[in-house]
2 protein chains.
Amino acid sequence: MTGSPGRPSPGQVTIADVARHAGVAASTVSYVLSGKRAISELTRARVLASIRLLGYHPNAGARALASRRANVIALVLPLRSGMQVPVVMQFATAVVTTARRYDHDVLLVTSDEGPAGLRRIAASALVDGVLLMDVELDDARVPLLRELALPSVLIGFPAEATGLTCVDLDFHRAGAACVAHLAGLGHRRVALLGAPAAVYERGTGFAHRTRSGVVEAAELQGVQVVTLPCEEGAADVRRTLTALLAEHPDVSALIVQNEAAVGPVLATLPTLGRQVPRDVSVVAICPDPFAEQSGPMLTSVPVPAEEIGRQAVALLMSKLRDEQVPEATLLQPRLTVRDSTAATPAVHAAGGH
Amino acid sequence: MTGSPGRPSPGQVTIADVARHAGVAASTVSYVLSGKRAISELTRARVLASIRLLGYHPNAGARALASRRANVIALVLPLRSGMQVPVVMQFATAVVTTARRYDHDVLLVTSDEGPAGLRRIAASALVDGVLLMDVELDDARVPLLRELALPSVLIGFPAEATGLTCVDLDFHRAGAACVAHLAGLGHRRVALLGAPAAVYERGTGFAHRTRSGVVEAAELQGVQVVTLPCEEGAADVRRTLTALLAEHPDVSALIVQNEAAVGPVLATLPTLGRQVPRDVSVVAICPDPFAEQSGPMLTSVPVPAEEIGRQAVALLMSKLRDEQVPEATLLQPRLTVRDSTAATPAVHAAGGH
DNA sequence: GACGCTCGTCGAAGCGCTTCGACCGACGAG
DNA sequence: CTCGTCGGTCGAAGCGCTTCGACGAGCGTC
């Protein structure tokens with residue numbers, strides 16, 4: 001019975017078992033499952049019953065080999081330090097959950113395998129498409145992506161994005177929204193505490209775009225703004241804040257775009273003699289849970305990690321079906337007002353000159 | 001040329017291409033790659049050269065089908081809220097990186113697909129083995145794991161762990177180490193600020209084991225200890241701390257096992273009139289980067305997420321090779337002394353009565 | 001000098017699935 | 001009544017790889 005190579009299966013239930021049990025051909029079972037050909041209601045029911053009864057699950061490798069579709073997508077994550085961990089996590093969760101809805105699984109790949117990793121994964125047909133996070137303005141993987149003809153969706157925008165599919169929060173407008181909110185409250189001097197310096201140097205899009213949004217809006221609204229990077233340690237935050245307030249004592253509002261810094265900022269300000277929001281208003285660009293758990297609850301522009309994840313997967317699935325998709329998808333920011341921002345006290349405004 | 005089904009490959013380079021180019025049989029190429037049979041140095045070199053030249057990467061599906069090994073492992077992550085996000089992240093990174101060293105990839109699976117997800121993945125031969133995180137004392141997936149005969153390694157310990165392979169930090173000793181350190185500094189009344197209540201209720205092992213370690217060691221060393229769960233918001237932390245200090249004003253040291261609470265605790269204590277470490281010592285059980293970035297740098301027992309990840313993968317790989325592995329692997333805690341703990345001030349000790 | 005080795009290589013048989021073309025009744029149109 | 005059509009099913013080929021048995025050549029042994 002047993003031919004020599006390709007040893008007999010262990011416990012595995014195969015499509016042949018199902019076919020035999022249901023009294024049909026294997027191809028019929030396949031068509032029942034894929035719906036690619038019409039099957040009579042009767043046959044379909046019998047097959048489905050057999051499948052359930054035998055506990056049949058198609059062998060992924062065989063399916064991938066025959067159909068040239070692995071039903072797996074790769075999620076390429078930074079996983080380097082200094083990144084905004086909770087956002088990444090939320091994002092990953094959303095991606096996995098959404099992918100499952102499309103009957104796909106998710107392969108986790110770290111960026112540090114770099115272009116070679118992408119190439120390997122593409123060439124071995126391990127995955128049908130990739131989701132790239134933490135895209136930099138000048139990203140080494142982008143040219144490769146174009147060359148590979150591997151369906152992909154980027155989270156974030158590289159400098160040259162034509163021909164690619166990118167999704168992201170509109171950080172430019174997010175920055176602008178913060179400024180607008182503060183300006184509306186009467187603030188005329190604000191500071192942007194951004195990502196760590198390394199992130200800017202790396203040319204990471206969201207940091208740059210937020211900054212430009214802030215600067216631009218400030219100009220338009222006649223607000224003076226000073227922008228500076230911000231490291232993540234409590235000690236670093238204190239140092240940065242102290243220096244900032246020494247140099248610009250009349251800054252009455254802070255925009256913070258660094259989750260890890262938000263806590264320390266809120267903790268440090270009072271020790272520097274500034275109550276929030278009485279003396280200084282704070283707006284954050286950070287995930288909602290963060291904003292809701294902080295000292296005074298934070299007025300914030302949430303980073304909709306989940307929504308981005310869902311959209312990214314949906315776009316990728318469309319591409320896998322060879323559908324046309326928009327090149328750029330920019331999610332509109334919404335600013336949620338909470339307890340960390342207030343109107344400039346007239347007293348202060350007068351004393352500030 | 002083109003037979004009807006199994007359409008011609010697109011760009012893919014196959015093993016046949018390599019064989020033709022090198023002037024050998026396909027099987028020889030396969031043996032060069034797998035090393036499962038002796039190959040002359042000459043042939044091996046020629047084949048390797050062809051592989052490199054053509055940019056050949058074996059097709060993952062075909063390989064999996066023929067060899068019954070997917071070279072993929074599943075990483076089952078909690079991805080639910082309330083979990084210690086950075087630890088999970090560090091862990092995932094270590095797993096992916098280590099798995100790659102063993103020439104395996106990692107499939108990301110969320111716990112919320114539950115047992116059905118495991119079953120699906122096992123039956124479809126998508127992965128060769130699984131890594132389970134966030135194992136609970138009474139975990140629904142454990143019985144399934146036994147039934148499935150799917151090689152697995154658990155991070156954490158269920159109540160009944162015989163026959164399984166588990167890895168974790170020895171949280172019992174970690175708790176004890178914190179108490180010993182504090183007792184050595186003269187502290188006689190300490191409090192354990194643990195995980196959120198929900199985590200205890202869920203029966204999560206590490207929380208319970210830490211607590212028992214703390215309580216046991218305290219008893220042995222004649223230290224009085226009060227243990228209480230701790231939520232994650234700044235407001236909640238403040239409430240918890242205020243209540244604690246009101247009820248037990250003579251507590252002179254805190255053990256904190258909740259990364260998200262560490263920041264708020266450090267920020268809140270001074271506002272309650274307690275300087276760290278002058279009036280209150282704080283020991284944390286948390287990842288090192290955290291401890292190093294906090295207000296005063298924290299004396300801590302780091303959770304060696306990376307090490308755990310590496311070990312877990314190594315164990316799983318051994319199991320895949322049908323090697324015998326120990327059932328329990330407990331990593332020994334090391335306590336790093338930093339700036340947040342100090343000897344009880346005699347003054348205080350005197351005034352405390 | 002024949003025998004049995006081992007070493008290095010090849011050919012063929014599948015792994016479990018998808019998919020194409022063929023086929024066979026039933027049915028509506030002419 | 002015949003022909004074309006279409007819905008429903010089957011059989012076979014093949015996806016790209018691994019692995020088993022076979023085999024030829026070279027070599028040491030008695």
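Everything numeric in this text was worked out from a predicted model, so none of it was measured. Chain letters run A, B, ... following the sequence lines, proteins first and then strands; every chain starts at 1.
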Calculate the interatomic distance between A:L65 atom CG and C:dC15 atom C1'; express it in whole Å. 9 Å
Return yes if a side-chain donor-acceptor contact under 3.5 Å exists between B:E113 and B:S111, otherwise no. no
Please report the shortest heavy-atom distance between B:P143 and B:D139, naming the atom on each side. CD-O, 3.3 Å
Identify, between B:S40 and B:A62, the residue whose nearest nucleotide on DNA chain C lies closer to the 5' end. B:S40
Starting at NZ of B:K36 and ending at C1' of D:dC20, how long is that distance when rounded to a whole Å? 12 Å
Between P of C:dC17 and CZ of B:R68, the distance in whole Å: 10 Å
Whole-Å gap separating C1' (C:dC17) and CG (A:N71): 13 Å
Mind listing the closest non-hydrogen atom pair of B:P158 and B:L164 along with its distance? CG-CD1, 3.9 Å
When you check the phosphate oxygens OP1 and OP2 of D:dT18, does a side-chain N or O of B:R63 lie under 4.0 Å from one of them? yes
Give a yes or no on whether B:R321 atom CZ has more than 12 heavy-atom contacts from other residues, nucleotides or ligands under 6.0 Å away. yes
Can you measure A:N59 atom CG to D:dC17 atom C1' for me and round it to whole angstrom units? 13 Å
Mind calculating the distance between CD1 (B:I15) and P (D:dC17) to the nearest angstrom? 5 Å
Who passes side chain to side chain donor-acceptor pair (under 3.5 Å) against A:R119, sequence neighbours left out? A:E147
Nearest to the side chain of A:A66, heavy atoms from C-beta on, is which of C:dT9, D:dG7, D:dC15? D:dC15
Applying the 3.5 Å cut-off to both distances, the Watson-Crick or G-U partner of C:dG30 turns out to be D:dC1
If we ignore hydrogens and angles and just use 3.5 Å, is the side chain of B:T28 paired with the main-chain N or O of B:V24 as donor and acceptor? no
Should the pair B:K319-B:E323 be classified as a salt bridge under the 4.0 Å nitrogen-to-oxygen rule? no
Give the rounded distance in Å between these two atoms: CD1 of B:I39 and C1' of C:dC7. 10 Å
Looking only at heavy atoms, what is the nearest atom pair of B:R120 and A:D105, with distance? NH1-OD2, 2.8 Å
Taking only side-chain N and O atoms of A:R44, does any of them lie within less than 4.0 angstrom of OP1 or OP2 on D:dG8? no
Of all of residues 27-35 of chain A, which get a heavy atom below 4.0 angstrom from DNA chain C, listed by number? A:S27, A:S30, A:Y31
Any side-chain donor near an acceptor of the partner, A:T162 and A:E160, under 3.5 Å: yes
Provide, to the nearest angstrom, the distance between the CZ atom belonging to B:R20 and the P atom belonging to D:dG16. 11 Å
Write down the protein N/O and nucleotide N/O pairs, taken from nucleotides 22-26 of chain D, whose separation is under 3.5 Å; answer none if there are no such pairs.
{"unit_1": "D:dA22", "atom_1": "N6", "unit_2": "B:R37", "atom_2": "NH1", "d": "3.4"}

